[in-house]
Number of protein chains: 2
Amino acid sequence: MQARTEALTPAARRVLDAAAELFYGRGINAVGVDLIAKRAGVTKKTLYERFGSKEALVAAYLRERDERWRAWLTAEVDKSPPAAPPADRVLATFDALAAWMRRENPRGCGFVNAAAELPDAGHPARQVIADQKRWLRGYLRQLCEDADVAAPDELADELLLLHEGATVLYGLSAVADPVGISRRMALRALERAGAV
Amino acid sequence: MQARTEALTPAARRVLDAAAELFYGRGINAVGVDLIAKRAGVTKKTLYERFGSKEALVAAYLRERDERWRAWLTAEVDKSPPAAPPADRVLATFDALAAWMRRENPRGCGFVNAAAELPDAGHPARQVIADQKRWLRGYLRQLCEDADVAAPDELADELLLLHEGATVLYGLSAVADPVGISRRMALRALERAGAV
DNA sequence: ACTAGACTAAACAGATCGGTATACCCGTCC
DNA sequence: GGACGGGTATACCGATCTGTTTAGTCTAGT
């Protein structure tokens, strides 16, 4: 019922994989549990025994997506050489974002898309979405502090806004290289804050 | 069938109003035509005679929302006194955005939300969404040119990204004053471009 | 050998989906 | 006064929605 990401049964694993692909690719409300079960090679009974409800499955999908994104982002940031200036780590978040978009985010941020489809404040997925954005802002703020900028809170807000703006424009194919634009603006913000 | 905004039948007018409120408030896929017809005090027959299909109704909803936004934005920008520096007109777009969000965009950009729900590239609404973003970028670019900045295209990209970033963060309630953050960054970008 | 857990197969609710059909009412314009 | 357009009311279509039920199989651990 709880279905933590660790220790999923094989069938539950396939359900979550199928759900992730379908929810992200077609939208949450446009995908029924029958289709998910079929794609996973699983009966609805199993799906409901493992996840309890569609709502909970949606939340599990977002939770795992969040975990993957955090792991990817921190790993990419930690690749920058220790000798490099700490501001490079901030810029690395934009390079990580660009690669992430190319690889698994062509339709824009899964969390923003989910929020668009789930207006009900009581939906369990809303909590996951809020956590995701809060974590990212906290992470950016920490990087700013490490770079010894004057006002880390303000800069973190700006960087978060640049991340989100780039992601949504990427999904809309409205401009050629939204992440490049964001990175350029982030660099200027860092310079202004005396971090580079 | 085409249902242009001008010259709508009284019943069609009520249908479009009801559809706008429901589509924006609950999401497009979560709202059925039966509910829209009921809310409008209209039969489904009338709805289908006026709009032809749900797809077309969705497109009409977005088209009208776009018209309202354009009218609002240009009117607000044109309020800035003619004697003021042209860069003020660029900043005025952020003040207009802030007021718009407060008044009728609490759930974020209706176009971004719609795009999240309509992955099918052939959906008639996709065209409306693309047009909306293209128009906004063109408008921002024109304001930049009027302000005699060095690279109006680059600046327009940046401003568009700030608009979108602010809108999505507003919808997620992730930071306190996203439009304020955007406006602040826009001002710096204008200064750097020599427009102020 | 027994059992608990993970699973399949298939039918069944009751509601709602987008869309269509039939039949009728009423005001306006010619 | 007759045609016509805009509208109502109601029923229907097949498909799909989330979720449940009954019945039974297979496998791993003790």
Side-chain angles (χ1 to χ4, degrees), chain A residues 1-20 22-23 25-62 114 117-120 122-126, chain B residues 1-20 22-23 25-62 114 117-120 122-126:
Chain A
M1 188 80 155
Q2 288 298 93
R4 282 193 176 66
T5 303
E6 73 258 14
L8 285 181
T9 58
R13 179 71 266 157
R14 295 202 307 275
V15 168
L16 197 46
D17 287 342
L22 289 166
F23 282 154
R26 303 192 193 182
I28 291 168
N29 289 328
V31 171
V33 290
D34 290 277
L35 179 58
I36 295 171
K38 191 179 172 189
R39 281 284 186 96
V42 148
T43 57
K44 284 205 286 177
K45 169 137 205 268
T46 303
L47 187 154
Y48 275 94
E49 273 175 359
R50 298 292 141 239
F51 294 94
S53 70
K54 188 188 179 183
E55 278 194 354
L57 178 58
V58 171
Y61 145 62
L62 290 174
E117 291 203 72
L118 309 172
D120 177 14
H123 197 292
R126 299 297 306 218
Chain B
M1 188 80 155
Q2 287 298 95
R4 281 191 177 71
T5 303
E6 73 259 12
L8 284 182
T9 314
R13 179 71 265 160
R14 295 201 306 274
V15 168
L16 197 46
D17 288 342
L22 289 167
F23 283 155
R26 303 193 193 182
I28 291 168
N29 289 328
V31 170
V33 289
D34 290 275
L35 179 58
I36 295 170
K38 192 179 169 189
R39 280 286 186 96
V42 149
T43 57
K44 282 208 284 179
K45 169 130 201 267
T46 303
L47 187 155
Y48 274 94
E49 273 174 359
R50 298 292 139 237
F51 294 94
S53 69
K54 189 189 179 183
E55 280 195 353
L57 179 57
V58 171
Y61 144 62
L62 290 174
E117 291 202 72
L118 309 172
D120 177 13
H123 196 292
R126 299 298 304 217

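Within every chain, numbering begins at 1; the chains are lettered A, B, ... in the order of the sequence lines, protein sequences first and strands thereafter. Computed from a predicted model, the values in this text were never measured in an experiment.
Judged purely by atom type and a 3.5 angstrom limit, B:Thr9 has no side-chain atom pairing as donor or acceptor with the backbone of B:Ala12.
Within the nucleic acid shown, B:Thr9 comes within 4.0 Å of sugar-phosphate atoms alone, with no base atom in reach, counting heavy atoms only.
Results of the salt bridge (charged side-chain N to carboxylate O under 4.0 Å, His left out) test with B:Asp34 over B:Arg39, B:Lys44, B:Lys54 single out B:Lys44 as the only residue that passes.
Between the CG atom of B:Leu47 and the P atom of D:dA9 there is a distance of 15 Å, given to the nearest Å. Atom pair A:Phe23:CZ and D:dC17:P shows a separation of 11 Å (rounding to whole Å applied). For the pair A:Lys38 NZ and C:dC7 C1', the computed distance is 19 Å after rounding to whole Å. Put simply, CG on A:Asp120 is 16 Å from P on D:dT18, counting in whole angstrom units.
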Sugar-phosphate or base contact per nucleotide [nucleotides 9-20 of chain C; S, B, -; heavy atom under 4.0 Å]: B-------SBBB

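Contact annotation: the side chain of B:Leu22 approaches that of B:Leu35 to within less than 4.5 Å [non-hydrogen atoms, C-beta and beyond]. Using a 4.5 Å heavy-atom threshold, the side chains of A:Arg50 and A:Val42 count as separate.
For the side chain to side chain contact (heavy atoms under 4.5 Å, CB included) test, residues two or more places apart in sequence or in another chain that qualify with A:Lys45 are A:Thr43, A:Glu49.
Rounding to the nearest 0.5 Å places CG of B:Leu57 at 5.5 Å from CG of B:Leu47.
Using a 4.0 Å cut-off, no side-chain N or O of A:Arg14 falls inside it from OP1 or OP2 of C:dC7.
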